[in-house]
Amino acid sequence: MQKETLRYRLLEAQLDLARRQERAVILLLTGHAATHKGAVVNRLNHWLENRHTEVHALGPSSEEQSRPYWWRYWRRVPECGRVGIFIHGWYGDALFARAERRLSPGAFQDRLAEIRAFEAALAAEGVVLLKLWSDIGRREQRRHLVELQQDPATAWQAGVSEWQRHGQHAAIEALGRRLRDDTEAPHAPWQRLPFREPGEQLFRVGRALLNTLESPPAPPETALGDLPEEAAGVPSLGRGEAPAPLNKTGYRERLARAQARLALNARELARRRIPVVIAFEGHDAAGKGGSIHRVTAALDARQYRVHRIAAPSDEERLRPWAWRFWRRLPADGRIALFDRSWYGRVLVERVEGLAREAQWQRAFGEITQFEQQLLAHGGVLIKLFLAIDKDEQLRRFEARAATPHKRHKLTDEDWRNRERWDDYRGAIDEMFARTHLPGAEWTLVACDDKRRARLAVLEAVNERLEARLSSAG
């Protein structure tokens, strides 16, 4: 194939990708230093329609360091119809951190497991991965670095970091072999590129990208793994009785004390730069909105943000399912409250048939990984399920229908969900059993009495925050 033929076919395939919007493509180029990666990406981007292309060569930033590690990559996943190009990407992070002993052998192995899970999640959501490893021998690398250094126009390409990578050539070679072996998969295969001059290297990268654009994606592995054993204390909708109603005077006094306590805890969390995520799930009309309002009334408006999760937007539909939750994670010291959350996939999407069984089954693992990343970063995760009796729900529905300023809260969807009460109950109990894990435990709040429920929510939040502050020292 001639160079111009390749260029036109590549552009045609890219425009077809943009027109169809059926999948996204990620080209990840990593490997040894001084192998023309930057020059190849620059020329390739000139060949392509760069309005449908995005290039990422990431360095550490304060914004990224203030959130869980994978946030920086999830937020940059291209939407369907686009090509994302990463120079080194998540592989460079792991490779160079281990070569410099900033990652222990165990942490390196853990990172590779995270990479496998990340790439499987992308592939399952229609993201095609093309991973290229740039090879070069140690002597050839040194000769090339010297040539770059001697030319004033290219001397900047042979800086301290490039020579450092040259000194680590043997370690990078061995780590790269292990990295490729451990992350090879049908949906995320590796290709190796021997060192060549930039024009030939560009041709080979372009041809690999063309093959990727024109070929159907390989299906991801969908093994679900073993379910965790049910831990002690897993909530169940069939357990417990509702307490007696609380009078208004006692409620107001206890509410003021609980909110004052929360305000102090929140200020200390901000001072220590500890992020907090609070997920509210529950039955329709259980009082999520009112409970959220009582929490936020105690907080500084500059410290928190409430995210109401509804049907995905057009922008969200063009990206993997988990993208819209990753991008909303708070920075260190901030609080994110989710009115509905990522659990919608294993609840409403499951019960209403909006997600295929393979999707909601796979979501349990993706949810666990998402939450473990938040916890590993040092964050606090509080998961609240607000539950009401079926008869109490009916009373609240009827009251909303009869109250002009509350009618907007009652929708046809609420009535449809009520008709499938038993199906939801089964899905909720399975959700508890599979996601009630250390650090990510569920708190079940009985909400037949709204006043007691709001106090119980504040108490649960305060207890979890104080436990985290106590463990932080």
Side-chain angles (χ1 to χ4, degrees), residues 66-68 70-71 74-75 235 262 266 269 274-299 301-313 315-316 319-350 354-355 360 363-364 366-375 377 379-387 409 413 417 424 427-428 431-432 434-437 439-445 447 453-454 456-458 460-462 464-465 468:
S66 69
R67 288 179 172 85
W70 285 99
W71 177 84
W74 270 107
R75 68 191 291 257
L262 177 56
L269 287 160
I274 298 172
V276 179
V277 171
I278 308 177
F280 286 81
E281 289 288 349
H283 293 125
D284 296 326
K288 291 183 293 298
S291 294
I292 290 171
H293 179 70
R294 270 64 184 184
V295 171
T296 58
L299 304 176
R302 295 167 294 183
Q303 188 183 1
Y304 73 87
R305 180 167 293 180
V306 178
H307 302 287
R308 183 177 180 275
I309 303 301
S313 66
E315 181 187 27
E316 291 166 345
R319 287 184 170 88
W321 161 78
W323 177 81
R324 60 178 170 153
F325 305 112
W326 274 99
R327 68 194 290 256
R328 289 178 166 95
L329 288 183
D332 291 346
R334 302 295 183 89
I335 300 172
L337 301 97
F338 287 83
D339 182 354
R340 303 289 188 187
S341 70
W342 41 97
Y343 284 98
R345 175 137 292 196
V346 298
L347 293 177
V348 64
E349 292 186 41
R350 168 186 177 174
L354 301 174
W360 62 258
F364 283 115
E366 294 174 357
I367 286 169
T368 299
Q369 293 153 11
F370 171 68
E371 294 178 347
Q372 290 304 309
Q373 282 285 315
L374 172 64
L375 297 172
H377 182 69
V380 182
L381 175 61
I382 303 171
K383 302 190 302 190
L384 305 168
F385 192 92
L386 279 58
K409 294 183 177 182
E413 183 180 347
N417 292 347
Y424 274 101
I428 291 164
M431 175 191 74
F432 287 153
R434 295 180 67 171
T435 61
H436 184 82
L437 301 171
E441 299 89 350
W442 279 100
T443 298
L444 179 60
V445 181
C447 295
R454 290 165 182 170
V457 166
L458 286 164
V461 171
N462 277 319
R464 293 294 298 276
L465 299 184
R468 178 67 177 86

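The first residue in the sequence is number 1, and the count goes up from there.
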Working to the nearest 0.5 angstrom, can you tell me the gap between [X] [atom1] and [Y] [atom2]?
X      : Y      : atom1 : atom2 : value
Leu386 : Arg454 : CG    : CZ    : 10.5 Å
Lys383 : Glu441 : NZ    : CD    : 8.0 Å
Trp442 : Glu281 : CH2   : CD    : 5.5 Å
Arg468 : Leu375 : CZ    : CG    : 9.5 Å
Ser313 : Arg324 : OG    : CZ    : 8.0 Å
Ile278 : Leu465 : CD1   : CG    : 6.5 Å

For residues [X] and [Y], report the shortest heavy-atom separation together with the two atoms involved.
X      : Y      : answer
Ala387 : Leu444 : CB-CD1, 3.8 Å
Trp71  : Trp326 : CD1-O, 2.9 Å
Val295 : Leu262 : O-CD2, 3.6 Å
Ser291 : Phe280 : CB-CE2, 4.1 Å
Arg328 : Phe338 : CB-CZ, 3.9 Å
Trp321 : Ala363 : CH2-CB, 4.2 Å

Donor-acceptor contact below 3.5 Å, side chain Gln303 vs main chain Ile335: no
[Y] side chain reached by [X] side chain, heavy atoms, under 4.5 Å:
X      : Y      : value
Leu384 : Val461 : yes
Arg67  : Pro275 : no
Ile309 : Phe325 : yes

Stepwise side-chain contact (heavy atoms from CB on, under 4.5 Å) test for Arg434 and Ile367: CA-CA 10 Å; Arg434 295 180 67 171; Ile367 286 169; over 6 Å; no
Validation row, ring centre Phe385 to ring centre Tyr343 under 6.0 Å: no
Ring centre gap for Trp74 and Phe370 strictly below 6.0 Å: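 No: the rings miss the under 6.0 Å criterion.
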Salt bridge (Lys or Arg N to Asp or Glu O under 4.0 Å) partners of Glu413, counting only residues at least two apart: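 Glu413 satisfies salt bridge (Lys or Arg N to Asp or Glu O under 4.0 Å) with no other residue.
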Verdict with supporting geometry, Glu366 and Arg345, salt bridge (Lys or Arg N to Asp or Glu O under 4.0 Å): CA-CA 11 Å; Glu366 294 174 357; Arg345 175 137 292 196; 5.7 Å; no
Arg464 atom CZ, neighbour heavy-atom count above 12 within 6.0 Å: yes
Tyr424/Val348 under side-chain contact (heavy atoms from CB on, under 4.5 Å): CA gap, chis, key distance, verdict: CA-CA 8 Å; Tyr424 274 101; Val348 64; 3.3 Å; yes
His377 versus Asp332, side-chain donor and acceptor atoms under 3.5 Å: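 Per modelled atom types, Asp332 and His377 side chains form a pair under 3.5 Å.
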Modelled atom types, side-chain donor and acceptor of Glu371 and Trp342, under 3.5 Å: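 Looking only at side-chain atoms, Trp342 and Glu371 do form a donor-acceptor pair, the distance falling under 3.5 Å.
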